[in-house]
Amino acid sequence: EVRVNGERFSEAYQHQARSVMLKEISSIEIITEKRGVLAAEFLKDVPSYIEMLKKGFFESVILLRNFEKEHQGYKLLAQSLDMLKAFLEHLNNVLPHLKNGEKIKMEKNYKKFLKTFAPLTEEIILSQEVADSMLLADLIEYEFIPLLDKWKEAL
């Protein structure tokens with residue numbers, strides 16, 4: 001955990017820390033914890049991370065369906081996919097530090113998610129290649145977001 005001026009600091013977007021003015025900082029604290037404890041804490045937060053991902057993807061769907069805001073939809077979709085990538089990378093880092101039962105359950109659900117997500121990515125890519133924002137929005141809303149819901153329930 002990182003605390004700036006006694007408050008927990010977490011970037012809302014990549015490299016947000018660059019915008020923090022040094023003259024406004026009176027203290028920076030870095031709080032560490034054992035890997036197993038951090039992994040367990042991460043598991044508790046997984047549902048809220050998935051909800052944040054769903055929110056970003058759903059907002060991109062709304063924008064993609066609006067011709068005047070379609071460009072913003074693609075931008076938000078790219079940001080949401082970056083967040084999903086970061087989440088999956090973090091999950092990969094956490095898996096080795098889980099207790100055996102939790103590790104087995106998480107690995108099983110993670111593999112199941114990836115197995116279902118992989119063919120969907122092909123459809124998403126194809127819809128982008130032909131610039132069909134409506135199909136892309138439908139794939140995200142009716143196939144990908146429900147997949148995130150199933151994954152959240154499984155976890």
Side-chain angles (χ1 to χ4, degrees), residues 1-4 7-21 25 28 30-33 35 38-98 102-103 105-155:
E1 181 177 333
V2 176
R3 293 185 186 168
V4 176
E7 304 251 339
R8 185 175 186 192
F9 181 80
S10 180
E11 291 185 325
Y13 56 89
Q14 192 173 17
H15 305 299
Q16 179 186 6
R18 292 179 183 172
S19 64
V20 176
M21 302 299 293
I25 298 174
I28 297 176
I30 298 174
I31 301 161
T32 61
E33 188 61 76
R35 290 181 183 123
L38 287 174
E41 288 298 315
F42 174 74
L43 284 183
K44 291 179 192 173
D45 293 336
V46 164
S48 63
Y49 292 135
I50 291 176
E51 282 302 314
M52 286 187 282
L53 286 167
K54 284 176 44 185
K55 182 180 176 188
F57 282 108
F58 189 72
E59 288 177 17
S60 72
V61 164
I62 293 168
L63 294 169
L64 286 167
R65 289 191 175 129
N66 181 335
F67 180 73
E68 295 174 357
K69 297 182 179 183
E70 183 180 354
H71 178 71
Q72 292 172 301
Y74 279 109
K75 184 176 179 178
L76 184 55
L77 176 59
Q79 291 171 339
S80 298
L81 288 168
D82 281 342
M83 293 305 296
L84 175 62
K85 180 183 175 200
F87 173 73
L88 294 175
E89 287 172 354
H90 191 63
L91 185 56
N92 276 326
N93 288 332
V94 165
L95 282 173
H97 305 287
L98 295 175
E102 293 172 335
K103 182 178 180 179
K105 178 183 176 186
M106 185 64 75
E107 284 176 340
K108 179 183 171 188
N109 287 317
Y110 181 55
K111 287 177 185 177
K112 186 176 178 181
F113 171 78
L114 291 178
K115 185 178 179 181
T116 309
F117 183 57
L120 182 56
T121 58
E122 293 298 320
E123 292 181 60
I124 290 171
I125 291 168
L126 288 173
S127 68
Q128 288 183 303
E129 287 175 354
V130 296
D132 189 340
S133 60
M134 293 300 170
L135 174 59
L136 178 58
D138 285 349
L139 288 169
I140 293 166
E141 182 176 10
Y142 300 117
E143 294 190 38
F144 183 65
I145 292 174
L147 178 61
L148 288 174
D149 281 328
K150 286 179 186 175
W151 195 31
K152 179 181 156 190
E153 286 175 28
L155 298 176

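Below, all heavy atoms of this structure are taken into account, side chains as well, without hydrogens, waters or symmetry copies. Since this is a predicted model, take the numbers as computed values, not measurements. Position 1 is the first residue of the sequence, and the numbers go up from there.
At most 12 heavy atoms of other shown residues, nucleotides or ligands fall within 6.0 angstrom of atom CD in Gln14.
The CZ atom of Phe67 sits 9.5 Å away from the CE atom of Met134 when rounded to the nearest 0.5 Å. Remark: Lys150 NZ to Asn109 CG distance equals 13.0 Å, nearest 0.5 Å. Rounding to the nearest 0.5 Å places CG of Leu139 at 12.0 Å from CG of Leu147. Note that CZ of Phe42 and CE of Met106 are 7.0 Å apart. Values are rounded to the nearest 0.5 Å. Interatomic distance, Asp138 CG to Glu143 CD, rounded to the nearest 0.5 Å: 9.0 Å. Distance check, rounded to the nearest 0.5 Å: CG of Leu126 to OG1 of Thr121 gives 9.5 Å.
Gln16 places a side-chain N or O within 3.5 Å of a backbone atom of Ala12 that can act as its donor or acceptor partner. In this structure, Glu1 contributes its side chain and Ile31 its backbone to no donor-acceptor pair below 3.5 Å. In this structure, the side chain of Gln128 does not engage the main chain of Leu136 through any donor-acceptor pair within 3.5 Å.
Using a 4.5 Å cut-off on side-chain heavy atoms (C-beta onward), Phe9 and Val20 make contact. Between Leu63 and Tyr74, the closest side-chain pair of non-hydrogen atoms is not below 4.5 Å. Proximity of Leu76 to Gln79: side-chain heavy atoms (C-beta onward) are separated by under 4.5 Å at one or more points. For the pair Glu107 and Tyr110, the minimum side-chain heavy-atom distance is 4.5 Å or more.
Nearest heavy atoms, Val94 versus Ala39: CG1-CB, 3.5 Å. Across all non-hydrogen atoms, the minimal contact from Asp45 to Ser48 is O-OG, 2.7 Å. Here the closest non-hydrogen pair linking Leu53 and Ser80 is CD2-O, 4.0 Å. Here the shortest heavy-atom pairing between Glu141 and Pro146 reads O-CD, 3.2 Å. Pairing each heavy atom of Val61 with each of Ala137, the nearest pair is CG2-O, 3.6 Å. When all heavy atoms of Leu98 and Ala40 are compared, the pair lying nearest together is CD2-N, 4.5 Å.
Of the charged side-chain nitrogens involved, at least one lies within less than 4.0 Å of a carboxylate oxygen, so that Lys44 and Glu41 count as a salt-bridged pair. Looking at Glu51 and Lys54, a side-chain N of the basic residue comes within less than 4.0 Å of a carboxylate O on the acidic one, giving a salt bridge.
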(request) Please step through side-chain contact (heavy atoms from CB on, under 4.5 Å) for the pair Leu120 and Thr116, ending with a clear verdict. (result) CA-CA 7 Å; Leu120 182 56; Thr116 309; over 6 Å; no
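When the ring pair (Phe, Tyr, Trp, His ring centres under 6.0 Å) test is applied to Phe117, the partners found at least two apart in sequence or on another chain are Phe113, Phe144.
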